[in-house]
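What you see is a predicted model; the values in this text were computed from it and never measured.
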Amino acid sequence: MHQGSGALCSAVRVRRLYTPTMIDATSRTGDIARWSNMLIPTTREAPADAETPSHIFMARAGFIRKVTAGVYAYLPLGYRVLRKVEQIVREEMDAAGCCELLLPALMPLELLKPTGRDEAYGELLFRLDDRHGRGQFLGPTHEEVITDILQTSVSSYKALPLTVYQIQTKYRDEFRPRAGLLRCREFIMKDAYSFHLDVEGPGGLNETYDRLYQAYTSIFTRCGLDFSVVEAESGPIGGSASHEFMVNCENGEDTILFCPESGYAANVEKCEIGTRPAPAEGWFVGEPTGELEEVHTPDCPAIEDVSRLLKVKPDCMLKTVVFKVVPRNEEEAKAYPGDWWVVACVRGDHEVNEGKVRDLSECQLELADADEARAAGFEIGFVSPRAAIGKDQTLLIVDPDAAVGFDEAKGKPKFWVTGADRKDYHIKHFNWQRDLGKDPVAALAERDCKFMVGSIRNAEAGDPSPRAEGAVLQARRGIEVGHIFKLGDKYSKAMGFEILDADQKRVPVIMGCYGIGVSRTVAACVEQSCDDDGIIWPAPIAPFHVIMTLIKPDERILSVADDVARELARCGLDVLIDDREERPGVKFKDADLVGMPVRVTIGAKALADGNVEIKHRRDKGKGELVPVAEAAGRCQALLAM
RNA sequence: CAGGGUGUAGCUCAGCUUGGUAGAGCGCGUGGUUUGGGUCCACGAGGUCGCCGGUUCGAAUCCGGCCACCCUGACCA
């Protein structure tokens, strides 16, 4: 848990906010391009595999082209957006005191041996053999290389703290790439790594972590995104504290939960649940609902199957999941010989959260292999909490929502269905006190070390907030665009990266790592900002700020267009002149599709009075008539809105 | 990885059940027409029907194998 940054830990939901000064912050001269000179293959129809708005529109508008599953070419307009996002990332990273470098994408497999990530990454890792038969891989992230480089180039504590970053193509052989740029096998990522002597204090990890938290907030704000920051699990990269930056979007793959009272927000994997008080009668207390009855449930290992077959709601069922203890080191393996098990029991409509089971049991766990568990007496698919009773090396944890014998809402004893611990059978009228095989109330009272009640399920909307009395969690979907981690000494220890401190003591270096999915951010922008006609780019990352639609591009009109474009460019605006010999309707449709924030229409009629038409992409209709001389100013004003 | 589905023109798809050597719309080219929200008309170019094998006089179509792509799910049994 990240300590000491108070407000930073709470959810920050940032409104779309960008100002004109951001557009021409560098006071550079804008670009001018003619459509006829560019590759912008717009289409009326989307590719059959495109389903989400960002995928459909970026394909139709000619920003990207699929080359193979999860691999895309960035066409000129797409590449311009990508570069603009990259530039924002660069500016903010540099401002936060980080320095840019470029690591290789292709690396030797041996590099992952010390941290064991060649195994840990498994199938996700893109592997290949070179002509000499040496194992190579394409980098999914770069902790090992950068640690290796720093190890051989930084030998004094005086060089720390240090934060380096790169913007690189990453490779992950996803099970299932999907949704265009949102989940790719090849994608662009900014990854940063920081190195410290300490966690706390000046120059420590926390200081950099907080600074990059702020930098990320600036980056996504400048990109025009509506996003939330949530507490997160650190996942396969490992480490302690971690925050995710989530674009708020219904199409997102991640579920986040937040407390409207306290501002607490977390990924569903991580989200804590507020106290769920014991029933008035106490845990497990309640009369049986009937005789214990065994029912034949062939081929129904899943809750859903049984629920359908027996016409029993999942919230009247107990789901029992078996984990095997994995010794964390040789000491543990020696202290606890043989197989140890943790049995987690939750209500049928809930999901077991492995992280919570791990924390409560204080053991490293993995889901038990079905055959192995059967051999140990757990009839996987038909397990009940009874299976944990009477076994020596087995801990049973029951979630509060499952640990009830009396249904307070209905005012009568709780009816339970659970496995019969025998293939193809379940039991009805399970009663904790009568049928468990030991007295759960007494076991709790005497603090039986093999039995406990604890919060071990994923949080859901409607659960009590862990941070505000009486408040209730709400759910929202999001797209993860940034993730920051405190790694601690995980990598430096594994790779033996130690350094002499001021007291001449060898200490492992403390690390942090910080990622931004650059290409995913581009897609997330489209998800969040489009309408039926196409994309509506936020000005700071639009491929061009202005599209100039020429109704009939004859010499005179072209000359006026060039003049206006030069003036706009002088103000720092990028201009795309649609000079194609196309019907006006086609050009208007394409202008809406590609989504430049401002359109300047130049036609003979308005021009006769010295006017052009200017409108924002969000506004319908023809736009307002503006004298040619005032066009640049009007465009800037619109972009600032 | 499991389950389902699809591969036919640059794109979106029909044709396959019931075998006879391939179609539409969009796009593309030429000519005309039109010129402020995907004009209209005519003519035209473009396909080893994913690959390999089998059945057959004959296969886009039937059978087998492979490959690619897509959807759903996914350590919760």
Side-chain angles (χ1 to χ4, degrees), chain A residues 41-52 55-56 59-60 62 65-71 122-124 173-180 185 236 253 269 297 299-306 314 317-324 326 343-358 365-374 378-383 399 402 419 423-424 426 456-458 532-534 549-554 557 578 580-593 599 601-607 612-613 615 620-623 625:
Chain A
T42 60
T43 60
R44 199 187 289 248
E45 283 179 283
D49 58 17
E51 296 195 321
T52 55
H55 191 186
I56 292 170
R60 279 192 56 206
R65 183 61 71 86
K66 184 165 84 177
V67 175
T68 183
V71 179
E123 300 278 82
L124 210 57
D173 197 357
E174 293 285 347
F175 291 122
R176 190 148 90 84
R178 69 186 100 180
R185 299 197 298 165
E253 287 189 271
E269 298 295 322
T297 51
D299 298 320
C300 290
I303 291 285
E304 213 177 277
D305 304 327
V306 181
M317 299 180 60
L318 294 172
K319 182 193 290 190
T320 311
V321 179
V322 181
F323 295 95
K324 191 180 167 192
V326 187
V343 176
C345 182
V346 300
R347 214 169 66 189
D349 57 326
H350 290 147
E351 294 193 344
V352 174
N353 182 303
E354 185 177 330
K356 294 180 182 181
V357 178
R358 179 193 61 214
L365 303 171
E366 65 181 17
L367 196 71
D369 173 77
D371 292 334
E372 221 179 318
R374 280 194 191 99
F378 299 104
E379 186 52 53
I380 295 302
F382 306 90
V383 178
D399 185 76
K423 187 165 163 50
D424 293 338
H426 279 77
I456 51 169
R457 66 165 174 87
N458 282 350
D532 291 346
D533 294 317
T549 303
L550 312 185
I551 297 296
K552 190 174 168 60
D554 59 22
I557 299 277
D578 189 351
R580 291 175 300 169
E581 293 283 354
E582 284 286 356
R583 307 251 327 162
V586 172
K587 299 207 237 190
F588 289 137
K589 283 287 184 192
D590 274 348
D592 287 346
L593 185 58
R599 190 180 85 197
T601 311
I602 304 184
K605 282 181 210 155
L607 199 59
V612 295
E613 290 158 24
K615 72 179 269 297
K620 299 292 167 197
K622 291 175 79 168
L625 289 170

Which of the following nucleotides, [options], is nearest to the side chain of [X]?
X        : options             : result
A:Lys605 : B:G36, B:C70, B:U72 : B:G36
A:Arg176 : B:G36, B:C69, B:C71 : B:C71
A:Val321 : B:G38, B:C76, B:C70 : B:C76
A:Lys66  : B:U35, B:G36, B:C70 : B:C70
A:Val586 : B:G36, B:A77, B:U39 : B:U39
A:Asp592 : B:G38, B:G36, B:G37 : B:G37
A:Arg178 : B:C71, B:C75, B:U12 : B:C71
A:Lys589 : B:G38, B:G36, B:C76 : B:G38
A:Arg599 : B:A77, B:G37, B:U12 : B:G37
A:Phe588 : B:A77, B:C11, B:G37 : B:G37

Name the nucleic acid region contacted by [X], choosing base, sugar-phosphate or nothing; use a 4.0 angstrom heavy-atom cut-off, strictly under.
X        : value
A:Arg60  : base
A:Pro47  : sugar-phosphate
A:Val383 : nothing
A:Glu354 : base
A:Arg347 : nothing

Using the [atom1] atom as the point on both nucleotides, what is the distance between [M] and [N], in whole Å?
N     : M     : atom1 : value
B:G15 : B:G20 : C1'   : 14 Å
B:U34 : B:C49 : C1'   : 38 Å
B:U55 : B:A74 : C1'   : 40 Å
B:C52 : B:G46 : P     : 23 Å
B:C63 : B:G7  : P     : 15 Å
B:U30 : B:C13 : P     : 29 Å

Could you please name the partner base of [N], counting Watson-Crick and G-U wobble pairs only when both distances are under 3.5 Å?
N     : value
B:U6  : B:A68
B:G20 : B:C57
B:C76 : none
B:C28 : B:G44

So, under a plain 3.5 Å distance rule, would you say the side chain of [X] forms a donor-acceptor pair with the base of [N]?
X        : N     : value
A:Glu582 : B:G38 : no
A:Arg580 : B:G38 : no
A:Arg583 : B:U34 : yes

Open item on the list: Using every non-hydrogen atom in the two residues, find where A:Thr43 and A:Leu593 come nearest and quote the distance to one decimal.
Closed with: O-CD2, 4.1 Å
- [ ] For A:Ile557 and A:Gly603, work out which heavy atoms get closest and say how close.
- [x] CD1-C, 4.2 Å
Open item on the list: At less than 4.0 Å, is any side-chain N or O atom of A:Arg44 found next to OP1 or OP2 of B:U12? Yes or no.
Closed with: no
Task: B:G36 phosphate, OP1 or OP2, under 4.0 Å from A:Thr549 side-chain N/O - done: no
TODO: Look at A:Arg347 together with A:Asp349 and state whether they make a salt bridge at an N to O cut-off of under 4.0 Å.
DONE: yes
Open item on the list: Between A:Asp533 and A:Lys620, does any NZ, NE, NH1 or NH2 come within less than 4.0 Å of an OD or OE carboxylate oxygen?
Closed with: yes
TODO: Indicate yes or no: at least one non-hydrogen side-chain atom of A:Pro553 is less than 4.5 angstrom from one of A:Lys587.
DONE: yes
Task: Atom pair distance, as rounded to whole Å: CG in A:Leu550 and C1' in B:G36 - done: 13 Å
